Amino acid sequence: MSFQMKPYPEWSWSLSRDQMFHACKRQYFYHYYASHGGWLLTAAPEAQIAYRLKKLTNLYLVLGEAVHTAAQKLIDLRERSQAYPTQDQIVTYIRNTLNAAFQESKQRERWWGYPKQYTMLHEMYYEGELPRDRVDAVGSRISVCAEHLLASDSWQEIRDSGDITVLEVEKLKDFIVNDEKIYVKLDVLYRRGDGTYVITDWKTGKVSEKNEEQLWLYALYIHEYYGVPIEQIEIRTEYLLDGICVRSTPDEDNIMMIQHKIKASLQSMKSYLDDTYYNRPLPVERFAGAGDPSVCRFCNFRQICPEKQ
Ligand code: SF4
């Protein structure tokens, strides 16, 4: 029996999907619909291009991913009772990851043939080089993030407490809200000996209040998936650039707010569907552009978007 790909992607909801939907409807269309099946050599050229553009990354994202991987490895070593790397070793790992991304980005044709295996930086794809100021900005964050990761409240607690059970590290999970599948990926989830479930979110960017909704969503997930009472959940954002740990305990209002947000977001997204059963979108022209040059400037789909500013 041969594998037959569905003409439209499976429907699902995530906070990042909601954020893109609000930032630019056209970008949302390219990312979630136009790129579908573009990994196949038999796909239409438009889908192949959209899929490759969707895979573009940038220096800040590569830095963030490298720091997350370093944190993941630390926890993995703790689970296996093995020695931890030094700060210098972590710095070297992050630097090498960024260098590899730069080197791979020089080989455009190879990336085009294997977009899942190789990295292409947005900066290299659209500008042909790395802007000096961005290289300096990202470079200056490497050792700061490594130092603050090792000194963070969460890592020190995980490393030093004997009664910690690590439950999830960077695992894509789903749960159901309003009969819809919701995807989440927690950086770290662990349970302390006193029964508190701690969610840790590593951030390599500046301190922001926009992170709250994400953490409430995570708390809702813990509550629904593990059946944990809300008052037994602690959420933390470890801002590794500033070395600040922001802690909070969600309450019933926070949970209701995020439930309400999911419901409203689902309704808005579905109003852009021609057929909700097949997840078939309205025609592309119905997905308006952002109308904001500052959004278009960093968009992956500039090459194919007639709406760009
Ligand atoms: S280029 Fe601008 S208008 Fe076009 S998809 Fe990207 S953000 Fe939206």
Side-chain angles (χ1 to χ4, degrees), residues 7-40 43-65 101 104-105 108 111-112 115-116 118-131 133-134 137-138 183 203-206 208-211 213-214 261 264-276 278-309:
Y8 304 103
E10 193 190 337
W11 171 262
S12 66
W13 188 93
S14 67
L15 201 55
S16 53
R17 182 174 180 139
D18 174 76
Q19 284 161 352
M20 190 178 286
F21 180 77
H22 287 291
C24 176
K25 302 282 186 293
R26 181 60 67 95
Q27 189 182 45
Y28 169 83
F29 176 85
Y30 291 139
H31 186 100
Y32 287 99
Y33 293 99
S35 65
H36 180 62
W39 53 88
L40 297 173
E46 298 80 20
Q48 292 196 33
I49 295 173
Y51 173 71
R52 281 156 181 78
L53 296 180
K54 176 182 171 173
K55 305 292 289 177
L56 292 178
T57 183
N58 63 55
L59 282 177
Y60 287 107
L61 290 178
V62 175
L63 170 72
E65 279 169 24
E104 288 181 16
S105 298
R108 214 170 160 118
W111 168 76
W112 188 265
K116 254 179 122 166
Y118 296 105
T119 300
M120 176 57 74
L121 293 167
H122 186 284
E123 295 91 340
M124 292 291 285
Y125 189 77
Y126 281 113
E127 295 161 56
E129 59 182 0
L130 298 180
D133 57 341
R134 214 167 306 159
V138 171
Y183 282 103
K203 290 278 178 230
T204 52
K206 302 219 164 75
S208 148
E209 284 177 9
K210 282 198 287 185
N211 201 36
E213 278 185 345
Q214 187 184 29
K261 190 215 163 76
S265 171
L266 282 165
Q267 271 175 2
S268 302
M269 286 182 190
K270 290 204 169 184
S271 71
Y272 280 77
L273 290 178
D274 182 39
D275 186 308
T276 52
Y278 291 109
N279 190 26
R280 182 168 64 227
L282 292 173
V284 59
E285 302 76 38
R286 298 286 296 276
F287 291 78
D292 180 351
S294 69
V295 179
C296 296
R297 189 170 158 225
F298 298 104
C299 173
N300 284 4
F301 300 101
R302 274 165 47 185
Q303 182 185 341
I304 55 171
C305 180
E307 303 276 321
K308 76 168 172 285
Q309 304 229 330

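Note that the coordinates shown come from a computational prediction; the quantities given were computed from them, not determined experimentally. All ligand and atom numbering here is 1-based and tracks the order in the structure.
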query: Side-chain donor-acceptor pair under 3.5 Å between R17 and Y28, yes or no?
result: yes

message: Under 2.8 Å from atom 8 (Fe) of ligand 1, can any N, O or S atom of C24 be found?
response: yes

Option with minimal heavy-atom separation from atom 3 (S) of ligand 1, where the choices are G291, S294, A290: A290

- prompt: Which protein non-hydrogen atom lies closest to atom 2 (Fe) of ligand 1, naming both residue and atom, and how far is it?
  reply: C296 SG, 2.3 Å

message: Regarding C305, does it place an N, O or S atom less than 2.8 Å from atom 4 (Fe) of ligand 1?
response: yes

task: Determine the interplanar angle of the F301 and H31 rings, folded into 0 to 90°, and report it as parallel if under 30°, tilted if 30 to 60°, perpendicular if over 60°.
output: perpendicular

message: Using a 4.0 Å cut-off to any heavy atom of Q27, which atoms of ligand 1 qualify?
response: 5 (S)

query: So is R108 actually on top of Y125's ring, under 6.0 Å and inside 45° of the axis?
result: yes

field: Contact atoms of ligand 1, heavy-atom distance to K308 under 4.0 Å
entry: 1 (S)

task: Could you tell me how the ring of F298 sits relative to the ring of H122: parallel (under 30°), tilted (30 to 60°) or perpendicular (over 60°)?
output: tilted

- request: Would you mind running through ligand 1 and noting each atom that sits below 4.0 Å from a heavy atom of C299?
  value: 1 (S), 5 (S), 6 (Fe), 7 (S)

field: Quiz item: cation-pi between K270 and W13, 6.0 Å / 45°
entry: no

query: Can a cation-pi geometry be assigned to K25 and F21, taking NZ or CZ under 6.0 Å from the six-membered ring centre and within 45° of the ring axis?
result: yes

